[in-house]
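Notes follow once the structure below has been shown.
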Amino acid sequence: MKYKSQKVAYWFFALSMLLLVLQIVYGFIMGFARVGMDGLHEIIPFNTARAVHTNLLVVWLLSGFMGAAYYIIPEESKRELVSVKLAYVQLISLALVGVTAIIGYHFNWWEGRKFLEIPRQLDYLVVINVLLFLGLILLTLYKAKRRTTTSIVLAMGLLFAALLYLPGMLPFDSQVMDSFFRWWVVHLWVEGVWELIMGGILSFLLIKLTGVDREVIEKWLYVIVGLTFLSGVLGTGHHYYYIGVNDIWIIVGGIFSALEPLAFLGMALFAINMYRKGEKKHPNKLALFWTLGCAIVSFVGAGLLGFAHTLPQTNLYTHGTLVTAMHGHLAFWGAYAMIVLAMISYAMPNLTGRKIYESNRGRAAFWLSNIGMLGMTVAFGVAGVAQVYLERKFKMDFMMVQNEISIHFVTLLICATLFTVGIIFYILDFIKYGRPNDEALETAEHL
Amino acid sequence: MLSKKQARTFFLGGTMLTFLIFIALTIYSFSGEQDQANTLQLNEPIVRGKQLWEKNNCMGCHTILGEGAYYAPELTKVIDRRGKGYIKAVLMSPVSWAPNGRKMVAYGFTDAEAEDLIAFFDWIDDIDLNGFDRVVSPLAKDK
Ligand code: HEM
Ligand code: HEM
Ligand SMILES: [Fe+2]
């Protein structure tokens, strides 16, 4: 680490890890409910578990992104953060709002809109929190002598992500309009501005890990985020095929969303090529694993599995089935969970001064979590395809079909256990690093 | 070869262009003649029904218009499939509704609340879904 203020990143990462564990717990509650073991139904019904599971996911990823920004922005712009104290205020308020929302979900306090369940009153607090975060990041960048493309793309991603939260707060009487604008948040986040954040972090990591010239890496970064928006904005139409709006979206959404995998393919080729090209081999092998892994798995989960159900002819049958859950898991894992884990793996030795660049446990964490998640994806996928055929093609009753496919959720639970062991290993390593400290300043000559 | 400046122009230009088209298409979709959802027929019971739907996060178990969770039956065409009497029984049940073993939350709605939710489903039921309405969870009339 080069600047003292980068230390605040550690606490965002720690919050991230804590929320990830909780997310997994609620995933298991749902998994067990699906095989008939719903003993917790009275206290934590499925809809509570689901809202908690998905919201924790979003919050731990955001906390990871924020930590990444607090680490990257000072280093890229060669100056301290404008205020460390306010960054801690922001951290604590983020944790408080998140925890309040999660507790509220157990008492029927929510909005009941998928992924945007946070009640209105808390929405305002989220907005204030994010404004504080952006203020700190943008002011640091503004006052800096150096503004790199990497830091600008990252900051733009964070700024647009905040702006796009607003359409999700508009109230509508029509379910159709509600759904339409919900996608302005959900789709334009994961298939738009979050890719900017991912691209920014990826490019930072590649510059550090491969030693390839910044100019080359940043040029390709522009091409990739260019592809993202070119396809992703109009690609929003793939959610508008069958929700009760004009069928112009079937054509527009069909064509542009089919192009979306290109951005993820670009990301994968970019990472692999830069790795091949790089002369300097950074000793942090674990960070390299996660970085390249992220670029590849995101292409599979978002690119390939997204493409698998994005054509209107396919989506007509798969819309709103477990096929979507299959894609949702691997896409979120590959693109956003793995980029956060890559960033943490890179930053921890620099923050704490303990140079654990290679460890058996670290490798096991990588492989077990990835194999486990791949297995979960297959389990969801098999269940989803069976559901599509039985229910949508052969017109079997919904609950009868669920009964037929419940065996795949046993597989899901086994793979989820493997995945969880991997995550536990990762977190044990995280704990072993210890706290960030000032002795770590400048000692990292490999930066 | 492509220069960094050209790459940036590609990014900014592409984004602006698609964004403008996106806004234009959105405005077009919500212009009066394109309405496929009978938006003008929305009345108080339907809106109250929608509010109950949201307040209780029914979408955390069910899908509607193909959106939500995959744990409990898709409800877009539930009126066609089950009829109003059955739905009322589900909604007003004081114990968890679970004829097939998987439990719903026991809401024990009042008669008026159940009527509002039914009005909401009745409105959803008539939306033109570009063909999805014929595919979505088994329809009584297909049986
Ligand atoms: C990292 C990027 C991505 C993530 C995290 C992601 C995640 C998700 C999630 C969570 C959903 C369910 C959303 C909901 O119902 O509220 C979804 C739906 C969908 N995604 Fe993605 N996705 C990504 C990229 C893509 C790409 C590149 C494509 C297309 C090529 C795609 C195609 C789709 C489609 C068609 C649906 C709708 C499924 C349905 O009709 O039920 N996704 N995605
Ligand atoms: C390890 C244990 C996990 C288990 C057992 C699990 C299980 C589940 C289940 C049963 C659902 C609900 C599907 C339905 O509506 O019926 C779900 C939803 C979801 N989970 Fe997980 N999950 C786990 C971990 C994760 C992780 C690590 C991620 C992200 C990287 C994730 C992302 C999601 C998303 C995005 C959804 C919403 C999907 C959609 O609406 O299409 N889950 N999960
Ligand atoms: Fe999408």
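Here is the naming used below: chain letters follow the sequence lines, and residue numbers restart at 1 for every chain.
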Ile217(A), part contacting chain B, at a heavy-atom distance under 4.5 Å: neither

Within the 4.5 Å heavy-atom criterion, are Met104(B) and Ser93(B) side-chain neighbours or not? no

So which of Thr324(A), Val252(A), Val245(A), Ile248(A) has the biggest tally of heavy-atom pairs under 4.5 Å with chain B? Val245(A)

Heavy-atom distances under 4.5 Å only: say whether Phe180(A) touches chain B with side chain, backbone, both or neither. side chain

Is chain A contacted by the side chain of Leu42(B), its backbone, both, or neither, given a heavy-atom distance below 4.5 Å? side chain

Quick one: are Ile118(A) and Tyr105(A) in side-chain contact, heavy atoms under 4.5 Å? yes

Side chain, backbone, both or neither: which part of Glu111(A) has an atom under 4.5 Å from a heavy atom of chain B? backbone

Mark yes or no: Lys4(B) above the aromatic ring of Tyr222(A), with NZ or CZ under 6.0 Å from the six-membered ring centre and no more than 45 degrees from the axis. no

So for His319(A), is it side chain, backbone, both, or neither that comes closer than 4.5 Å to the heavy atoms of chain B? both

Which of Gln34(B), Lys50(B), Lys5(B) touches chain A most, by non-hydrogen pairs under 4.5 Å: Lys50(B)

Once rounded to the nearest 0.5 Å, what's the spacing between atom CD of Glu191(A) and atom OG of Ser231(A)? 8.5 Å

Arg82(B) bridged to Asp397(A) by N-O distance under 4.0 Å: yes

CD1-CD distance between Ile102(A) and Glu117(A), expressed to the nearest 0.5 angstrom: 9.0 Å

Do you know which of Val216(A), Asn108(A), Leu221(A) has the most heavy-atom pairs with chain B at a distance under 4.5 angstrom? Asn108(A)

Name the option with the most non-hydrogen atom pairs under 4.5 Å to chain B; the candidates are Ile250(A), Thr54(A), Asp178(A). Asp178(A)

Counting heavy-atom pairs under 4.5 Å with chain A, the top scorer among Lys55(B), Lys103(B), Met59(B), Gln6(B) is Lys103(B)

For chain B, find its close neighbours in residues 379-387 of chain A: heavy-atom separation under 4.5 Å, sorted by number, or none. none

Heavy-atom side-chain proximity of Arg34(A) to Gln402(A) below 4.5 angstrom: yes

Is any side-chain heavy atom of Glu215(A) less than 4.5 Å from a side-chain heavy atom of Thr149(A)? no

Output the option from Ala49(A), Ala51(A), Ser179(A) having the highest count of non-hydrogen pairs under 4.5 Å with chain B. Ser179(A)

Those residues of residues 14-22 of chain B, ordered by number, that approach chain A below 4.5 Å (heavy atom to heavy atom): Gly14(B), Thr15(B), Thr18(B), Phe19(B), Ile21(B), Phe22(B)

Hey, does Phe132(B) have a side-chain heavy atom less than 4.5 Å from the side chain of Arg392(A)? yes

Which bit of Trp220(A) is near chain B, if near means a heavy-atom gap under 4.5 Å: side chain, backbone, both or neither? side chain

What part of Val47(B) lies closer than 4.5 angstrom to a heavy atom of chain A: side chain, backbone, both or neither? side chain

Can you tell me which of Val105(B), Asn56(B), Asp128(B) forms the most heavy-atom pairs within a distance under 4.5 Å of chain A? Asn56(B)

Heavy-atom distances under 4.5 Å only: say whether Leu227(A) touches chain B with side chain, backbone, both or neither. both

Student check: side-chain heavy atoms of Tyr242(A) and Val135(B) closer than 4.5 Å: no

Quick check on ring pair (Phe, Tyr, Trp, His ring centres under 6.0 Å): which of Trp184(A), Phe181(A), Trp249(A), Trp183(A) does His239(A) satisfy it with? Trp183(A)

Which answer fits Thr26(B), side chain, backbone, both or neither, if we ask what part of it has an atom under 4.5 Å from a heavy atom of chain A? both

Which portion of Leu2(B) sits near chain A, non-hydrogen atoms under 4.5 angstrom: both

Ignoring hydrogens and geometry, is there a side-chain-to-backbone donor-acceptor pair from Asn47(A) to Asn57(B) under 3.5 Å? yes

Aromatic Tyr70(B) / basic Arg50(A) pairing, under 6.0 angstrom, 45° off normal: yes

Give the member of Gly68(B), Ser3(B), Ser29(B), Cys58(B) that has the highest number of heavy-atom pairs under 4.5 Å with chain A. Gly68(B)

Is it the backbone or the side chain of Asn130(B) that comes under 4.5 Å from a heavy atom of chain A, or both, or neither? both

Indicate yes or no: at least one non-hydrogen side-chain atom of Glu218(A) is less than 4.5 angstrom from one of Thr150(A). yes

Atom CD of Gln36(B) and atom CG of Leu129(B): how far apart are they, to the nearest 0.5 Å? 8.5 Å

Decide side chain to side chain contact (heavy atoms under 4.5 Å, CB included) for Ile44(A) and Tyr26(A); before the verdict, give the C-alpha distance in whole Å, the side-chain angles of both, and the deciding distance to 0.1 Å. CA-CA 9 Å; Ile44(A) 310 176; Tyr26(A) 281 82; 3.9 Å; yes

Is there side-chain contact between Gln175(A) and Trp123(B), with heavy atoms separated by less than 4.5 Å? yes

Let me know if Leu316(A) has heavy atoms under 4.5 Å from chain B in its side chain, its backbone, both or neither. both

Side chain, backbone, both or neither of Ile23(B) within contact of chain A (heavy atoms, under 4.5 Å): side chain

Are the ring centres of His309(A) and Tyr241(A) closer than 6.0 Å? no

Is it true that Arg48(B) and Glu113(B) have a side-chain N and a carboxylate O under 4.0 angstrom from each other? no

Taking NZ, NE, NH1 and NH2 as the nitrogens, is one of them in Asp38(A) or Arg102(B) under 4.0 Å from a carboxylate oxygen of the other? no

For chain B, find which of Thr48(A), Thr321(A), Ile224(A), Val176(A) contributes the most heavy-atom pairs closer than 4.5 angstrom. Thr321(A)

